[in-house]
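Worksheet: one structure, shown below.
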Amino acid sequence: LIVDTAHDAYIGIDSEGRIGVWNAQAEATFGWKREEVIGKLLAETIIPPGFRDGHNTGMRRFHETGEAPVVNQRLELSALDKSGREFPIELTVTSPMRVEQGYFFGAFLRDISGRLERDAELRRAKDAAEAATRAKSEFLTNMSHELRTPLNGVLGYAQLLQRDRGLSTPQRDALEAIAKCGSQLLDLINDVLDLAKIEAGRLDIEETPTDLARLAIDLKLVVGEAPERKGLELTTFVDPDMPRSVILDGRRLRQV
């Protein structure tokens, strides 16, 4: 009863290779009813033609030498169903049992078509994900380079203009804002190149002396123009007791 209700197909053969046991799951897996296969040679039912010689050779070797290298091993092979369809199976042959007429060989078999298809789908998904990651990294690298080129021009000309002694104070403030924003944009571009590190959870923290008051002023230059367009006023306040220099990662704090 246990064998007949097992989730795997169970097939038993005698020393000649004729089927003597064929459980209900074997019927469902291979399509033959028990009465159709009892007494038939296993090689003429579920073993594909390309594997029959190997099966027969293995049986002869066991009877001659007692060697059974496939016993208690989990093997992946192919099998045939009643319609002649060939499909992959997982096979485990139990230890041969001596009976009056020779030996009894039992085997558990399982259709693994679905599992192999799922494995193939996972491999395809993995390959697609890796290809997408490579494409993303290549895109970020190329794009960061394309952004750097014009940005370096902006920063370079801003520095040249700052050397002009005839500039008014508002003009100097505007140029300083351009330079600060450009520098921060360059930092952001560098951050894009660090994206792989961020995704891997290996974000490096570089603790250096940082002027918080200067950092607040720089940030106001970067973000202050947007609220002004909306008629708002952005103010900054730095506590007088704040140390002039603190040890932290100013770049990461600026991002926050």
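This one's a predicted model, so the numbers in the text were calculated from it and none came from an experiment.
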Query raised in the report: By the rule that ILVMFWY residues connect when side-chain heavy atoms come within less than 4.5 angstrom, directly or transitively, which residues belong alongside Leu161?
Result: Val154, Leu167, Leu175, Ile178
Could you go through residues 107-115 and list every donor-acceptor pair under 3.5 Å that involves a side-chain atom there, pairing it with any protein atom two or more places apart or in another chain?
residue	atom	partner	partner atom	Å
Arg110	NE	Asp8	OD1	2.8
Arg110	NH2	Asp8	OD1	3.1
Arg110	NH2	Asp8	OD2	3.0
Asp111	OD1	Ser113	N	2.9
Asp111	OD1	Ser113	OG	2.7
Arg115	NH1	Glu90	OE2	3.1
Arg115	NH2	Glu76	OE2	2.8

Query raised in the report: Do Leu80 and Pro49 have side chains that get closer than 4.5 Å, going by heavy atoms?
Result: yes
Expected list for residues 24-34: side-chain donor-acceptor pairs under 3.5 angstrom, two or more places apart:
residue	atom	partner	partner atom	Å
Gln25	NE2	Thr29	OG1	3.4
Glu27	OE2	Arg34	N	2.8
Thr29	OG1	Gln25	O	2.9
Arg34	NE	Trp22	O	2.8
Arg34	NH2	Asp4	OD1	2.7
Arg34	NH2	Trp22	O	3.1

Report task. Report the residues that fulfil side-chain contact (heavy atoms from CB on, under 4.5 Å) with Glu207, sequence neighbours left out, ordered by chain and then residue number. Result -> Ile205, Ile247
Do any side-chain atoms of residues 212-219 form donor-acceptor pairs under 3.5 angstrom with protein atoms, and if so which ones, sequence neighbours left out?
residue	atom	partner	partner atom	Å
Arg214	NE	Asp218	OD1	3.2
Arg214	NH2	Asp218	OD1	3.3

Report task. Only counting residues at least two apart or in another chain, list the ones meeting salt bridge (charged side-chain N to carboxylate O under 4.0 Å, His left out) with Lys82. Result -> Glu36
Requested in this report: Could you tell me which residues satisfy side chain to side chain donor-acceptor pair (under 3.5 Å) with Arg123, sequence neighbours excluded, listed by chain and number?
Outcome: none
**Report entry** Partner set under side-chain contact (heavy atoms from CB on, under 4.5 Å) for Thr235, not counting sequence neighbours
**Finding:** Glu233
Query - Tyr157: partners by side-chain contact (heavy atoms from CB on, under 4.5 Å), with sequence neighbours left out - result: Leu160
Query raised in the report: Can you list every side-chain hydrogen bond (donor to acceptor under 3.5 Å, both in side chains) pair that touches residues 43-56, not counting sequence neighbours?
Result: none
**Report entry** Residues, nucleotides or ligands: over 12 heavy atoms within 6.0 Å of Leu232 CG
**Finding:** yes
Report task. Fit a plane to each ring of Tyr103 and His63, take the angle between them on a 0 to 90° scale, and name the class: parallel (under 30°), tilted (30 to 60°) or perpendicular (over 60°). Result -> tilted
Query raised in the report: Excluding sequence neighbours, so at least two apart, what forms side chain to side chain donor-acceptor pair (under 3.5 Å) with Glu117?
Result: Arg124
Report summary line: Sorted by chain and number, sequence neighbours left out, side chain to side chain donor-acceptor pair (under 3.5 Å) with Ser95 holds for Asn72
